[in-house]
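Quick note on labels: first sequence line is chain A, next is B, and so on, each numbered from 1. Because the structure is a prediction, the values reported are computed rather than measured. Note that these values count all heavy atoms, side chains included, but never hydrogens, waters or copies made by symmetry.
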Amino acid sequence: MTRAEADNRDLYAIADLAREFGISTRAIRFYEAKGLLSPERVGVTRVFRRRDRARLILILRGKRLGFSLRDISDYLSLYDADRSQQVHLLAGKVEERLASLEAQLSDLQTTIAELREIKKLADERLEKA
DNA sequence: GTTCTCACA
DNA sequence: TGTGAGTA
């Protein structure tokens with residue numbers, strides 16, 4: 001199945017989505033258990049529609065950007081309810097995440113500078129010996 | 001192949 | 001934030 005075909009189809013088994021996105025079926029069930037996904041059922045078997053697939057894409061993107069499942073869940077739950085509140089929440093979370101990353105970057109730069117200084121001193125001692 | 005639950009890192 | 005194992 002090509003990506004375009006996957007995009008147009010409306011019914012997916014859990015294994016289809018796991019394969020397409022390179023994640024485990026366990027992870028998909030885990031996201032459902034956490035309330036991020038709510039596939040239909042045929043009997044006991046999950047049936048995912050385009051909507052669920054779209055949500056899964058958002059989940060994976062959120063994870064890649066470093067957001068918790070809780071954050072992503074909060075965001076997704078506002079999709080139907082209140083879109084302007086959703087955008088508001090997003091803006092806040094993004095700002096928070098940026099601040100966190102910038103703090104990490106700053107810490108890393110401090111650590112790198114310190115290590116470089118140690119390296120410099122060590123190299124100088126080697127030259128004398 | 002799918003489901004669920006429990007233990008575990 | 002998931003995985004492994006056992007079950008049906």
Side-chain angles (χ1 to χ4, degrees):
Chain A
M1 174 168 49
T2 67
R3 186 55 183 259
E5 284 165 348
D7 261 331
N8 289 329
R9 193 153 61 123
D10 201 63
L11 259 29
Y12 305 87
I14 191 169
D16 297 334
L17 296 178
R19 198 180 320 110
E20 179 178 4
F21 297 110
I23 59 181
S24 66
T25 57
R26 305 288 309 282
I28 294 175
R29 290 188 201 100
F30 183 74
Y31 299 153
E32 178 185 357
K34 291 294 171 184
L36 283 80
L37 253 24
S38 48
E40 296 163 27
R41 300 283 179 144
V42 172
V44 295
T45 306
R46 294 168 176 80
V47 174
F48 296 79
R49 313 202 75 110
R50 263 205 308 277
R51 168 193 172 81
D52 304 301
R53 182 172 171 279
R55 289 174 66 98
L56 181 55
I57 289 170
L58 288 176
I59 292 166
L60 297 177
R61 180 151 87 119
K63 277 171 46 65
R64 187 167 42 80
L65 296 177
F67 293 102
S68 67
L69 293 183
R70 180 55 193 273
D71 286 339
I72 299 168
S73 176
D74 290 344
Y75 173 78
L76 287 177
S77 65
L78 261 38
Y79 185 86
D80 299 306
D82 189 336
R83 301 295 277 275
S84 77
Q85 193 191 335
Q86 186 185 36
V87 174
H88 191 77
L89 177 77
L90 179 62
K93 287 299 178 184
V94 166
E95 185 177 20
E96 199 175 281
R97 180 67 181 143
L98 277 173
S100 169
L101 285 173
E102 280 159 5
Q104 282 187 54
L105 179 58
S106 173
D107 286 347
L108 284 172
Q109 285 168 336
T110 300
T111 301
I112 287 171
E114 192 173 339
L115 288 169
R116 282 189 174 137
E117 183 62 23
I118 292 170
K119 175 79 162 66
K120 195 183 99 186
L121 293 174
D123 287 345
E124 285 170 5
R125 290 199 188 187
L126 283 176
E127 285 171 22
K128 290 183 196 166

Under 4.0 Å between any heavy atoms, over every strand shown, what does [X] touch: base, sugar-phosphate, or nothing? Just pick one.
| X | value |
| --- | --- |
| A:Arg46 | sugar-phosphate |
| A:Arg41 | sugar-phosphate |
| A:Ala13 | nothing |

**OP:** Starting from C1' on C:dT1, measure out to CZ on A:Arg29 and report it in whole angstrom.
**Re:**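 Answer to the nearest Å: 16 Å.
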Taking only side-chain nitrogens and oxygens of [X], does any of them come within less than 4.0 Å of OP1 or OP2 of [N]?
| X | N | result |
| --- | --- | --- |
| A:Tyr31 | C:dG2 | yes |
| A:Ser24 | C:dT3 | yes |
| A:Lys63 | C:dG2 | yes |

Original post:
Does A:Arg83 make a cation-pi contact with A:Tyr79, if we ask for NZ or CZ under 6.0 Å from the ring centre and within 45° of the axis?
Top reply: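 Here A:Arg83 passes the 6.0 Å and 45° test against A:Tyr79.
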Original post:
Of A:Arg26 and A:Ile14, whose nearest nucleotide on DNA chain B comes first from the 5' end?
Top reply: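 Taking each residue's closest nucleotide, the earlier one in sequence belongs to A:Ile14.
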**OP:** Side chain of A:Leu69 only, please: which of C:dT1, C:dG4, B:dT2 is the nearest?
**Re:**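 Given the options C:dT1, C:dG4, B:dT2, the side chain of A:Leu69 is closest to C:dT1.
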Original post:
Which of these nucleotides, C:dT3, B:dT2, C:dT1, is closest to any side-chain atom of A:Lys34?
Top reply: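 Nucleotide nearest to A:Lys34's side chain: C:dT1.
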Original post:
What distance separates A:Leu56 CG from A:Tyr12 OH, expressed to the nearest 0.5 Å?
Top reply: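 Atom-to-atom, A:Leu56:CG and A:Tyr12:OH are 11.0 Å apart.
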Original post:
Reading DNA chain B 5' to 3', what string of ( ), [ ], | and . shows its pairs, if Watson-Crick and G-U wobble pairs count only when both distances fall under 3.5 Å?
Top reply: .|.||||||
